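Read the structure below first, then the notes.
The model shown is predicted, which means the values in this text are computed figures rather than measured ones. Sequence positions, counted from 1, serve as the residue numbers for this chain.
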Amino acid sequence: MLFLVHMIVDIPKDLPQDEVQRIVTKEKAYSQDLQRAGKWPHLWRVVGEYANYSIFEAESNDELHEMLSQLPLFPYMTIKITPLAKHPSAI
């Protein structure tokens with residue numbers, strides 16, 4: 001199953017900078033592991049925002065939830081998920 005996922009990140013301004021850097025470093029490693037595994041095949045930054053649009057491949061809603069909830073930045077995200085289906089005009 002494919003999912004379009006919009007993530008908006010809002011890290012609290014009072015979070016210590018060393019903690020932010022630690023979280024961001026873990027986030028990058030985890031997200032790249034998911035990309036290499038084929039679970040996160042597309043990732044696009046939203047210009048001018050700390051946000052992205054991504055395509056995730058998951059066997060179920062539960063698997064997608066597990067992947068997203070393990071993101072180190074998850075506690076600081078607003079996430080919108082749109083399940084995708086093949087369009088009849090797609091080649």
Exercise for the section: Could you tell me which residues satisfy ring-ring contact (aromatic ring centres under 6.0 Å, His included) with H65, sequence neighbours excluded, listed by chain and number? Expected result: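 In terms of ring-ring contact (aromatic ring centres under 6.0 Å, His included), with neighbours along the sequence ignored, H65 is linked to no residue.
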Problem - Contact list for residues 8-44, test ring pair (Phe, Tyr, Trp, His ring centres under 6.0 Å), sequence neighbours left out - result: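 For residues 8-44, and leaving out neighbouring residues, the ring pair (Phe, Tyr, Trp, His ring centres under 6.0 Å) pairs sorted by first residue read W40-F56, H42-W44.
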Euclidean distance, [Y] [atom2] relative to [X] [atom1], rounded to 0.5 Å:
| X | Y | atom1 | atom2 | value |
| --- | --- | --- | --- | --- |
| I8 | E49 | CD1 | CD | 6.5 Å |
| M7 | S31 | CE | OG | 8.5 Å |
| L84 | L2 | CG | CG | 6.0 Å |
| D14 | E19 | CG | CD | 11.5 Å |
| Q70 | K26 | CD | NZ | 9.5 Å |

Could you tell me which non-hydrogen atom of [X] sits nearest to which non-hydrogen atom of [Y], and how far apart they are?
| X | Y | result |
| --- | --- | --- |
| E27 | L73 | OE1-N, 2.7 Å |
| H6 | A51 | NE2-CB, 4.2 Å |
| P41 | G38 | CD-O, 3.8 Å |
| I81 | L64 | CG2-CD2, 3.8 Å |

Handout entry: M77-L68 co-clustered via ILVMFWY side chain contacts under 4.5 Å
Key =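 Shared cluster, yes.
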Are any of the side-chain heavy atoms of [X] and [Y] separated by less than 4.5 Å?
| X | Y | value |
| --- | --- | --- |
| Y76 | I23 | yes |
| D10 | Y50 | no |
| I55 | V5 | no |
| M1 | N61 | yes |

Practice task
Evaluate side chain to side chain contact (heavy atoms under 4.5 Å, CB included) for L34 paired with M67, printing each intermediate quantity in order.
Solution key: CA-CA 8 Å; L34 289 174; M67 284 188 279; 3.9 Å; yes
Handout entry: Residues D62 and S60: side-chain donor-acceptor under 3.5 angstrom
Key =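 Side-chain D/A pair, D62 to S60: absent.
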Practice task
Decide whether Q17 and Q21 meet the rule of one side-chain donor and one side-chain acceptor closer than 3.5 Å.
Solution key: no
Handout entry: With sequence neighbours excluded, residues passing side chain to side chain contact (heavy atoms under 4.5 Å, CB included) with D33
Key = R36
Practice task
Check whether more than 12 heavy atoms from other residues, nucleotides or ligands sit under 6.0 Å from atom CZ of F3, and answer yes or no.
Solution key: yes
